[in-house]
Q: 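My questions will all concern the structure given below.
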Amino acid sequence: MYKLYKDPITNTVNVVMKINGNERTYIPFDENNSDYQEYLKWVAEGNTVEEAD
Amino acid sequence: MTTKLRAASFQDNAVTTAKIAADAITNAKIADDAVQTENVASTVNLGRRNIMINGDMQVAQRGTSSTSTGFVTCDRFKTNKSGPDITTTQHALSTSDTPYSSGLRNSYQIHITDPQTPNAAVDYAEIAYTVESQDMAQSGWDYTSASSKITLSFWVLSTVAGTYTVLLRNSDPNYAYTFNYTVSADTWKKVTHTISGNSNLVFNTDNGSGLAMFFTLYYGTNYTGTATNETWAAFDSNVQVGDYAQNILATDEAKFEITGVQLEVGSEATSFEHRSFGEELNLCRRYFTVLADGSEKINASICPGAYYTANILFHSVVLPVEMRTAPSMITTNGTNYYQSFSNGSGDHHDAIALGSAGTNRVVEIVAETNVAATAGHATFTRLGGTNASAKCMLDAEL
């Protein structure tokens, strides 16, 4: 499951969080990042990311 | 009177190779310093040879054993599978293992702990490694020329005899190459294979995927067929490798392991290039870095920072090595998993997160869950000392 993460200092969303139990993988919006590529593929498959708090 | 033949007595080109008996020139007959650098052919690969990192499996920042898949033990090497339950291990070699005498102390081992219900069509398993594209582009391999070669060598042991396949993929044009090797059960084998360039290969000078190598244990029939080995061709997902005659994944307690993996420019496999632990570790850190791991030290220090507000902590971490790309941050959340100290006391809090302005050189770590202190105070943050699963790791793998 993915959830967007809002930076509390800049109040911007440039990170998405992958949640697996109590483990969190914070993924920057960087097209060279393999986790971000995997996230984009997940979205392209029709999945919807949870909005940031 | 004895007349000696002197070098000046011979006409130029009088002594040809054919006139020198085999074994006639021994090391003892070669004077010190007789062989100079200029005598070594330019095709001999001197100096840094191994394009791969951690081929001797000595670095395992994530841990030494795991039942998960992906990057789980030895750095840079990855387990992919579908089907059986397996355990991946950084396996310590002993003197009874043949590669041990070559200075290799660890292997990457996959142990089939439970075959479950084998499915000969969809099951598969492989050990994967990917070389960064710019490292292939700048390796010295004239990869678009069929006369230019690279050589892959590695030690392998399988408890199940048979013929196994290595699959190589060049992702930019999506070209692939396969070759087979055969092993006897429970017997270490040194595999060497030389690969020619091909005009279709493309390695961009960037940090993306360059050459991916898959040391396959078994591929189900959904991915196999009549394959043409030892030639570059467009990748076919339906026939990635030739059909497997044996299925190690269906064999309870079977083991497959590799070590001493080396990819080098040229047509000869030289001896494995041993590098120090520190050097190998720093090479690995381009792709994965541990800032703190509670399983090693439950209150391990992470980094200094400051309270941006009374309820928001900010940290900036200069990375020990510039990473391949802006990394992901892997962490765990839980009550009091982290603690920040300021003004003579500690502030336990529950989570840390990745800030938005990080790069591959500096990352920002923020905390806002159950944070309570005084704005503006400097702090240093540790794992909370409450749970060994607390951690902070950075991942920029391919």
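Since we're looking at a predicted model, the values are computed, not measured. Each chain gets a letter, A, B and so on, in the order its sequence line appears, and its residues count up from 1.
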Q: Under 4.5 Å heavy-atom distance to chain B, tell me which part of A:Lys18 shows up: side chain, backbone, both or neither.
A: neither
Q: Nearest heavy-atom pair of B:Ser328 and A:Thr25: which atoms, and what distance?
A: CB-CG2, 3.8 Å
Q: Can you check whether B:Glu397's main-chain N or O pairs, donor with acceptor, with A:Ser34's side chain at less than 3.5 Å?
A: yes
Q: Any idea which heavy atoms bring B:Ser356 and A:Thr10 closest together, and the distance?
A: OG-OG1, 3.3 Å
Q: Measuring heavy-atom distances to chain B, does A:Asn32 have an atom under 4.5 Å in its side chain, in its backbone, in both, or in neither?
A: both
Q: By the definition side chain to side chain contact (heavy atoms under 4.5 Å, CB included), identify the one residue from B:Leu394, B:Thr331, B:Val363, B:Ile330 that meets it with A:Tyr26.
A: B:Thr331
Q: Under 4.5 Å from any heavy atom of chain A, what part of B:Asn207 do you find: side chain, backbone, both or neither?
A: side chain
Q: Do B:Met329 and A:Arg24 touch side chain to side chain, with heavy atoms closer than 4.5 Å?
A: no
Q: What heavy-atom pair brings B:Val366 and A:Tyr5 nearest, and what distance separates the two atoms?
A: CG2-OH, 3.1 Å
Q: Which pair of non-hydrogen atoms, one from B:Ala326 and one from A:Pro28, has the smallest distance, and what is that distance?
A: O-CG, 3.6 Å
Q: Strictly distance-based, threshold 3.5 Å: is any side-chain N or O of A:Asn22 a donor or acceptor partner for the main-chain N or O of B:Thr332?
A: no
Q: Looking at A:Asn20, A:Ile9, A:Val13, which makes the most heavy-atom pairs under 4.5 Å with chain B?
A: A:Ile9
Q: Of the backbone (N, CA, C, O) and the side chain (C-beta and beyond), which part of B:Ala353 lies under 4.5 Å from a heavy atom of chain A, both, or neither?
A: both
